Amino acid sequence: MSCANHDVVVVGGGVIGCAVARELAATHDVVVVERERIAAEATALAAGEITMAPSYTDNPPIADFATGFFRRYDGTGRFEFTERPSLELVPPDREREARRRVERLAADGVAVSFSEPDAVEAAFPRFDLREFAGAVEHRDTGFVDPYAFAMTLKEDAESRGATFLTDTEVTGLRIADERVRGVETAAGTFDAPHVVVAAGWRTERLLRDHVRLPVRPYRTQCVVLDPLETVGDAFPMGWIPGEHVYFRPEHNGDLLVGGWSFAEDDPEGASESEDEAFRDHVADLVPRFLRGFDRARFVNGWAGVDGATPDTRPIIDAPSDAPGGLVVATGFHGRGVMTAPVAARVVRTLVVGERCPFSRAPFVLDRFDSRSPDFEFHSISAGD
Ligand SMILES: Cc1cc2nc3c(=O)[nH]c(=O)nc-3n(C[C@H](O)[C@H](O)[C@H](O)COP(=O)(O)OP(=O)(O)OC[C@H]3O[C@@H](n4cnc5c(N)ncnc54)[C@H](O)[C@@H]3O)c2cc1C
C-alpha cells in the first residue's frame, strides 16, 4: 500500500526532526514520521543548555548562527531563551592552560574572560571558589525548555504546511536505481525523493545496510536540587572540567546538575533513573563550590540515551557512498538541542543545494577514517 507522495520524508520527531521540518516546510511538502510521540526520546530529557559559544570556539560562525537563532526565536509561541553566562570553574592544575586559552580566544574576538576567585564571588555571592584558581566566563550562552522548544518548532512547521505522523515506525528505506524513493512503515509506504533520517541513536541501526555510521549510544543523567534558599535571578550556568558535571539554574530557583555520561551497550534496556553514584557525587561536589547547599534536597533525577560520535560532533551529511537523496542527521553527543538550528540549515542546504552560511566541514561523514560504531566514548561537558 502506498500512503502518499511528498518532497521530503523526515524520520524521527525529536528536536532535530522538528527543526528540519520547520526549515523545509515553507518550500517543500514535508512529512515527519515518528515511531512514538514528538520529543519522545533524548529531546524531552535534555537539560536545555545552549552553550554553542564555548563548544565551537574553533568555529565561531557556527556558534553565532545557533545563538542568533535562539535570540530571534525567543518569544515565539511558548518558547523562551534565558540568557546567562557560563562559568568554567578552573582547578589550580588547569590554570595556566585556561589563562592561555582565554588570551588566544579573546584575541580572536570570542566573548570570554578569566576572573579571579574574589571577582567571581563578588559578582555571584553563592559561589565559594576556595578550591579553584578562578573561572573562565563564557558569554553568549543560556538555556531553554527542550520540550517547549521542540513543540514550538513542530507547531511552526505545521503552520508552514508540514505533516507529523506519530506511532508510526519506519522499518526500512525504499531504494531504486541507487536513489531513495521513500520509506516503509507498518502503515504503508511514504514516497519522496529526499529522506532525512534524524532518528537519534537508532539512526545507525536503521541505516546499517545502506551506510556505515560511527555512532554509538551513550547514557547521560541529570538531578535537580532544591537548596531551600533559591539561587536567585542572576545565577549563572557552568561546569567543572574533570568532574564531568555541568549546572544551570531552574526558573523556580532550584539547581539542575547534569553529566556523568557513559557508553551504553543496552540502550533499549538502560535505566531511566539517575545512578545512586551520580547523586552521591553531586551531593559531595556541589557544597564544595556553592554556599547554602549543605542541606539541599534532591527534587528529582533521570537518565536518557543519545548518540555519540568519535569526535563528539554530529554527522549531518548526504554521504557520497549512500543512496542518492538520503540525508543523515545524528550523533548529537549531548548537544542536539543547541545544535538544532545549525542542523536544520545544513539539511536544507543539502536538500535544496543552497550555499551554507557557515562551514559544513565539522559535520561531514568523511572526516572519520573508521566508520566502526565500536570506538572509545568521550564524555563532554560544555567546553570540555
Ligand atoms: C539527560 C540528557 C541531558 C541533555 N542535555 C542537553 C543539553 O543541555 N543541551 C543540548 O543541546 N542537548 C542535550 N542533550 C542531548 C539532546 O537531548 C540530544 O542530542 C537531542 O535530543 C537529539 O535529538 P534527536 O532529534 O537527534 O534525537 P531524539 O530526541 O532521540 O529523537 C529521535 C526520534 O526518532 C524517533 N525514531 C527512532 N527510530 C525511528 C524509526 N525507525 N521510525 C520513526 N521514528 C523513529 C524516536 O522515537 C525519537 O523521537 C541531553 C540529553 C540527555 C539524555
Side-chain angles (χ1 to χ4, degrees), residues 9-21 31-52 55 66 70 86 141-147 149-150 153-154 164-173 183-187 190 195-207 215 217-223 237 239 246-248 256-261 264 267-268 270 272-274 278 301-309 312-316 328-344 380-382:
V9 175
V10 178
V11 183
V15 70
I16 302 301
C18 292
V20 166
V31 62
V32 178
V33 186
E34 162 56 49
R35 70 194 279 273
E36 286 186 55
R37 287 158 287 111
I38 299 305
E41 297 214 312
T43 296
L45 299 170
E49 292 219 334
I50 306 300
T51 52
M52 287 295 274
S55 305
F70 286 107
S86 291
T141 59
F143 62 93
V144 304
D145 174 334
Y147 184 75
F149 180 42
L153 292 168
K154 175 200 176 246
F164 286 73
L165 268 173
T166 52
D167 298 311
T168 308
E169 178 160 7
V170 170
T171 50
L173 299 181
V183 298
E184 312 272 1
T185 76
F190 292 81
V195 173
V196 180
V197 182
W201 62 267
R202 296 175 199 273
T203 302
E204 187 272 328
R205 293 169 190 207
L206 184 63
L207 296 181
V215 173
Y218 80 98
R219 181 170 163 272
T220 183
Q221 31 204 325
C222 291
V223 293
M237 318 198 311
W239 73 94
Y246 60 87
F247 57 88
R248 71 158 175 85
L256 186 156
V257 184
W260 266 39
S261 309
E264 177 59 65
E268 299 279 6
E272 292 171 9
S273 304
E274 79 285 12
F278 179 53
W302 63 91
V305 177
D306 192 18
T309 65
T312 79
R313 293 208 163 147
I315 298 164
I316 315 165
V328 295
T330 184
F332 285 89
H333 208 121
R335 296 191 182 118
V337 176
M338 65 181 93
T339 319
V342 166
I380 52 140
S381 64

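The structure displayed is predicted, hence computed values, not measured ones. Every number for a ligand or one of its atoms is a count from 1 in the order of the listing.
For ligand 1, the polar-atom distance check against Met338 finds a nitrogen or oxygen pair separated by under 3.5 Å. Inclusion of Trp302 in the set of residues having an N or O under 3.5 Å from an N or O of ligand 1 is not warranted. Residue Ala329 places no N or O, backbone or side chain, under 3.5 Å from any N or O of ligand 1. The N/O atoms of Ala42, backbone and side chain alike, include one that comes under 3.5 Å of an N/O atom in ligand 1. The distance criterion of under 3.5 Å between nitrogen or oxygen atoms is not met by Ala39 with respect to ligand 1.
Neither the backbone nor the side chain of Thr339 has a heavy atom within less than 4.0 Å of ligand 1. Only the side chain of Asp306 comes within contact range of ligand 1, with a heavy atom under 4.0 Å; no backbone atom does. Of the heavy atoms in Tyr218, none comes closer than 4.0 Å to ligand 1.
Of all the atoms in ligand 1, the ones that sit under 4.0 Å from a non-hydrogen atom of Gly12 are 33 (C), 34 (O), 35 (C), 44 (N). Residue contact check: Val33 has heavy atoms under 4.0 Å from atoms 43 (C), 44 (N) of ligand 1. Of all atoms in ligand 1, numbered sequentially from 1 with element shown, those under 4.0 Å from a heavy atom of Ala198 are 32 (C), 34 (O). Listed by number with element, the atoms of ligand 1 under 4.0 Å from a non-hydrogen atom of Thr168 are 43 (C). Short contacts between ligand 1 and Gly48, defined as distances under 4.0 Å to a heavy atom of the residue, involve ligand atoms 7 (C), 8 (O). Here is the list of ligand 1 atoms found below 4.0 Å of a heavy atom in Ala46: 2 (C), 3 (C), 4 (C), 5 (N), 6 (C), 13 (C), 14 (N), 17 (O), 50 (C).
Protein heavy atom at the shortest distance from atom 10 (C) of ligand 1 is Gly334 O, 3.3 Å. What sits closest to atom 8 (O) of ligand 1 on the protein, heavy atoms only, is Glu49 N, 2.8 Å. When hydrogens are left out, the protein atom nearest atom 41 (N) of ligand 1 is Val170 O, 2.9 Å; that is the closest non-hydrogen contact. Shortest contact from atom 25 (O) of ligand 1 to any protein heavy atom: Ile16 N, 3.1 Å. Gly14 CA, 3.4 Å is the protein heavy atom nearest to atom 31 (O) of ligand 1. Here the heavy atom of the protein found nearest to atom 21 (O) of ligand 1 is Thr43 OG1, 3.0 Å. Scanning all protein heavy atoms for the shortest distance to atom 39 (C) of ligand 1 gives Arg35 CD, 3.4 Å.
Comparing Ala47, Ala19, Gly304 by heavy-atom distance to atom 5 (N) of ligand 1, the nearest is Ala47. Of the listed options Glu272, Glu36, Glu34, Glu34 places a heavy atom closest to atom 47 (O) of ligand 1. Closest heavy-atom approach to atom 2 (C) of ligand 1 within the set Leu45, Val197, Val305: this belongs to Leu45. Among Arg248, Arg202, Gln221, the residue whose heavy atom lies nearest to atom 37 (C) of ligand 1 is Arg202.
Residues passing the ring-ring contact (aromatic ring centres under 6.0 Å, His included) test with Phe278 are Trp260, sequence neighbours excluded.
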